[in-house]
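Please read the structure below before turning to the comments.
Keep in mind that this is a model prediction, so the values were computed, not measured.
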Amino acid sequence: MMNSDRRVKEGGKELFWADQKTDEIVSRKQYRYLEKDIEPFSEYVVKTSASISGVLHIGRLSDTIRGESAVRALLDKGHKASLIWVAEDMDPLRKIPEGVPAEFSEHIGRPVTDIPDPWGCHKSYAEHHVEKYLKVLHEFVGVPMTRYSMMEEYRKGSFKPYIKKLLENLEAVIEIQNRYRDKNNPLRKGWAPWTPVCKNCGKIITPRVHDFTEEGRLPYTCSDYKFESTTAAGCGHEDEADPLRDEGKLMWKGEWAAQWALWNVCSEGAGKEYAVPNSAFFVNGELCERVLGYPMPVPIFYEHLMIDGKKMSASVGNVVYPTDWLEVAPAELLRFLYNKKLMKTRNFSWSELPKLYDEYDRTAAGYWSGRLEPTQKRLFEISQIGDVKPALGISFSMVAFLSKIFVDDASFIRSVERTGHFSSEVSDLVIDRLGKARLWAEKYGVGIPSLAEDSKGVRLSGDQSLFLCGLADFLEAGEHSEEEIQAEIYSLSKSIGLSTRDAFKAVYLTVLGEERGPRASTLIAALDRNWVVERFKYNYK
RNA sequence: GGGUCCGUAGCUCAGUCUGGCUAGAGUACCUGCCUUUUAAGCAGGCUGUCGCGGGUUCAAAUCCCGUCGGACCCGCCA
């Protein structure tokens, strides 16, 4: 295209978001909240984490995929970089997900590591989910991830120095938090940034700390805690906890900061709800810098994915699991979707999957022909896992369509070979796409035409009927190759004086009820001979 | 109440930070071509108050102010 490189900005700043982040990460000099220089990083660590209490759906892959893209962008620029994945397995269970026995409601409020595996195959509820998460996560990620467990880190004592610092500077911690809070609703008296596991009932959300003793101990009372839709019942136990010895964890505003400082995190993703200056991201940022002395990471804020214009939720019943995705689309396609501009709401729906495929294919074609704008080029590259895959010339919707007509792979491949889009280089990809498209057409593909029930409603001209009848005679006369059938269509229509266009139309209307279709000879050859003959003759009057 | 983000063709999306040729692509739709790829290929066409209103500027989709619509944050949660 004549404008294709008009916008190529020479020597300008990077345009692809992950490259911009790289730029920001490596070039920043100062703390955000302090007049202090940032010490050079020996390695750029990007963090992604997952809460373990719920199920893993594709929305949850967003943070990891985007974090991984940031790592890739850093690596591509020659920096040392890595991705760490943190299981938030010290967090309390908040509600009972589908498939978990109702009796588990007694565990609400307990750290997920301390809850038994409802399916009995792992040591704990947390381990069961972590293993499931990681298994599927690796399908969507290209760089290695270092895995951490919050529970293990707490038990190892990794957070002790930070817990100590936060408690030593309790006044500052409270002052910072109150500055971000509603002025009429400051933190209650006796609040602490660390919460113990109740020594009696083992819950982590119910102990309510109400003091900080001279000896550095935290007295608490175990009382009910209300989540959005559930309640963790407190046992009423009263006790004292030692934040440097006893089981417990940091509160979220404080914990995030401690994680950053512990792992030297330079960047982390967060949903758009954190993009506001008074969000937990920035509260942690300020705590991290002022109290822990570590520069807050560069945030990667993003919009959440919508499904059919709605939030993904079990109650709406529109949850898309990674396995659902992989059945009908490659991981690259989800990466592609997530790596587009971050702050635009993206909507996904099963019926529009072909459009996403088309956009992806078009980008792939542009990539290989070298006429992509730099942003799009990077988008495509970073969406890949492993080598950059070749572009496919046959669209997903076309494959879906063909899959409904050619039920066996062989006739599908014959049909595709005709188009010239089936080379040995892409054969695996095309066949893979066939499997996905076929499944998609079955499960979600409304409006994909298949063989017409009958041809009663089809109105044809006399010449068209004559043509079909002649073609039927030809087919009945003996076995013919596709080439011969195709040749007959042309010669027969010519002898009748029918335009090839109307001849083809007659075939498609009769067989599919549509005006167009795949290569006619391949279509006819793939169908049952008697069925075709009968169908063609029915229209002869 | 205070604050953040989004709004570009019927649809999917680039372009906005860093102002600059007549605002783009694909798709859909329409027209034409095809004696052999008829949902393919080729050629052409149509589609926009860049949410709206002001301002700055030689020049605004782009910067500033306001406004409308949508999403979201300001907790004893994460």
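In the interface, the side chain of A:Tyr225 is paired with the base of B:G75 through a donor and an acceptor atom under 3.5 Å apart.
Spacing of P atoms, B:G1 relative to B:C46, comes out at 48 Å, to the nearest Å. Spacing of C1' atoms, B:A71 relative to B:A28, comes out at 29 Å, to the nearest Å. Taking atom P in both B:G69 and B:G75, one finds a spacing of 26 Å when rounded to whole Å. Nucleotides B:A59 and B:G26 place their P atoms 33 Å apart, quoted to the nearest Å. When the C1' atom is used for both B:U8 and B:G48, the distance is 8 Å, rounded to whole Å. Separation of the P atoms belonging to B:C30 and B:U36 is 25 Å when rounded to the nearest angstrom. Rounded to whole Å, the separation between the P atoms of B:G53 and B:C13 comes to 26 Å. A distance of about 37 Å separates the C1' atoms of B:C58 and B:G10, rounded to the whole Å.
If you check every strand for non-hydrogen atoms under 4.0 Å, A:Lys95 touches nothing. Among the atoms of the strands shown, none is found under 4.0 Å from any heavy atom of A:Leu402. A:Arg346 comes within 4.0 angstrom of sugar-phosphate atoms only, judged by non-hydrogen atoms across all strands, and of no base. As judged by a 4.0 angstrom heavy-atom cut-off over every strand, A:Phe227 is placed among residues touching the sugar-phosphate backbone only. Using a 4.0 Å heavy-atom criterion, one finds that A:Asp91 contacts the sugar-phosphate atoms exclusively.
For the pair A:Leu187 CG and B:G75 C1', the computed distance is 10 Å after rounding to whole Å. Per the geometry, CZ belonging to A:Phe281 stands 16 Å off P belonging to B:C5, to the nearest Å. Rounded to an integer number of Å, the gap from OH of A:Tyr360 to C1' of B:U12 is 17 Å. Computed from coordinates, the A:Met343 CE to B:U8 P distance equals 16 Å when rounded to whole Å. In this structure, A:Phe16 atom CZ and B:U18 atom C1' are separated by 19 Å, rounded to whole Å. Taking atom CG of A:Leu305 as the reference point, atom P of B:C13 lies 10 Å away to the nearest angstrom. Between the CZ atom of A:Phe348 and the C1' atom of B:U12 there is a distance of 14 Å, given to the nearest Å. Distance, A:Asp502 CG to B:C33 P: 12 Å, rounded to whole Å.
Along RNA chain B, the nucleotide nearest to A:Ala280 and the one nearest to A:Leu337 differ in position, and the one closer to the 5' end is contacted by A:Leu337. Mapping A:Thr375 and A:Leu250 onto RNA chain B via the closest heavy atom, the residue that lands nearer the 5' end is A:Thr375.
Electrostatic pairing of A:Asp224 and A:Lys203 does not count as a salt bridge here, judged by no charged N lying under 4.0 Å from a carboxylate O. Salt-bridge annotation for A:Glu359 and A:Lys355: absent, with no side-chain N of the basic residue lying under 4.0 Å from a carboxylate O of the acidic one. A salt bridge does not link A:Glu417 to A:Arg414: none of the charged nitrogens lies less than 4.0 Å from a carboxylate oxygen.
Nearest heavy-atom pair, A:Lys95 versus A:Ser229, reported as atom, atom and distance to 0.1 Å: CD-OG, 4.5 Å. Minimum interatomic distance between A:Asp211 and A:Leu218 (heavy atoms only, all atoms of both residues): O-CD2, 3.3 Å.
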Return the polar atom pairs (N/O with N/O) between nucleotides 35-38 of chain B and the protein under 3.5 Å, or none.
from, atom 1, to, atom 2, distance (Å)
B:U37, O2, A:Arg418, O, 2.7
B:U37, O2, A:Thr419, N, 3.3
B:U37, O2, A:Thr419, O, 3.0
B:U37, N3, A:Thr419, O, 3.0
B:U38, OP1, A:Gln486, NE2, 3.2
B:U38, O3', A:Gly517, O, 2.8
B:U38, O2', A:Tyr508, OH, 3.0
B:U38, O4, A:Thr500, OG1, 2.8

Short N/O separations, protein against nucleotides 67-72 of chain B, under 3.5 angstrom:
from, atom 1, to, atom 2, distance (Å)
B:A71, O2', A:Lys272, NZ, 2.7
B:C72, OP1, A:Lys311, NZ, 3.1

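Taking the six-membered ring for Trp and the full ring otherwise, the centers of A:Tyr274 and A:Trp256 sit less than 6.0 Å from each other. The distance between the ring centers of A:Phe301 and A:Phe281 falls below 6.0 angstrom.
Pair assignment for B:G10 gives B:U27, based on Watson-Crick or G-U wobble hydrogen-bonding distances that are each under 3.5 Å. Across all strands shown, the partner of B:G1 is B:C74, judged by Watson-Crick or G-U wobble contacts whose two distances both fall under 3.5 Å. B:G41 is paired with B:C33 under the Watson-Crick or G-U wobble criterion, all donor-acceptor distances under 3.5 Å.
Summarising the local packing, NZ of A:Lys340 is surrounded by more than 12 heavy atoms from other residues, nucleotides or ligands at distances under 6.0 Å. For A:Arg179, the CZ atom is densely surrounded, since the number of other residues' heavy atoms within 6.0 Å is greater than 12.
A:Gln259 and A:Lys47 share a side-chain donor-acceptor pair at under 3.5 Å. Checking A:Asp502 against A:Ser499 by side-chain atom types alone, a donor-acceptor pair falls below 3.5 Å. For the residue pair A:Glu352 / A:Tyr357, no side-chain donor-acceptor distance below 3.5 Å is found, with atom types taken as modelled.
Between A:Lys249 and B:A78 there is a side-chain polar atom (N or O) within less than 4.0 angstrom of OP1 or OP2. In this structure, A:Lys355 does not reach the B:C11 phosphate: none of its side-chain N or O atoms is under 4.0 Å from OP1 or OP2.
Set against B:G15, B:A78, B:C74, the side chain of A:Lys341 has B:G15 as its closest nucleotide. Picking from B:U12, B:A14, B:G75 the nucleotide with the shortest atom distance to the side chain of A:Asn185 gives B:G75.
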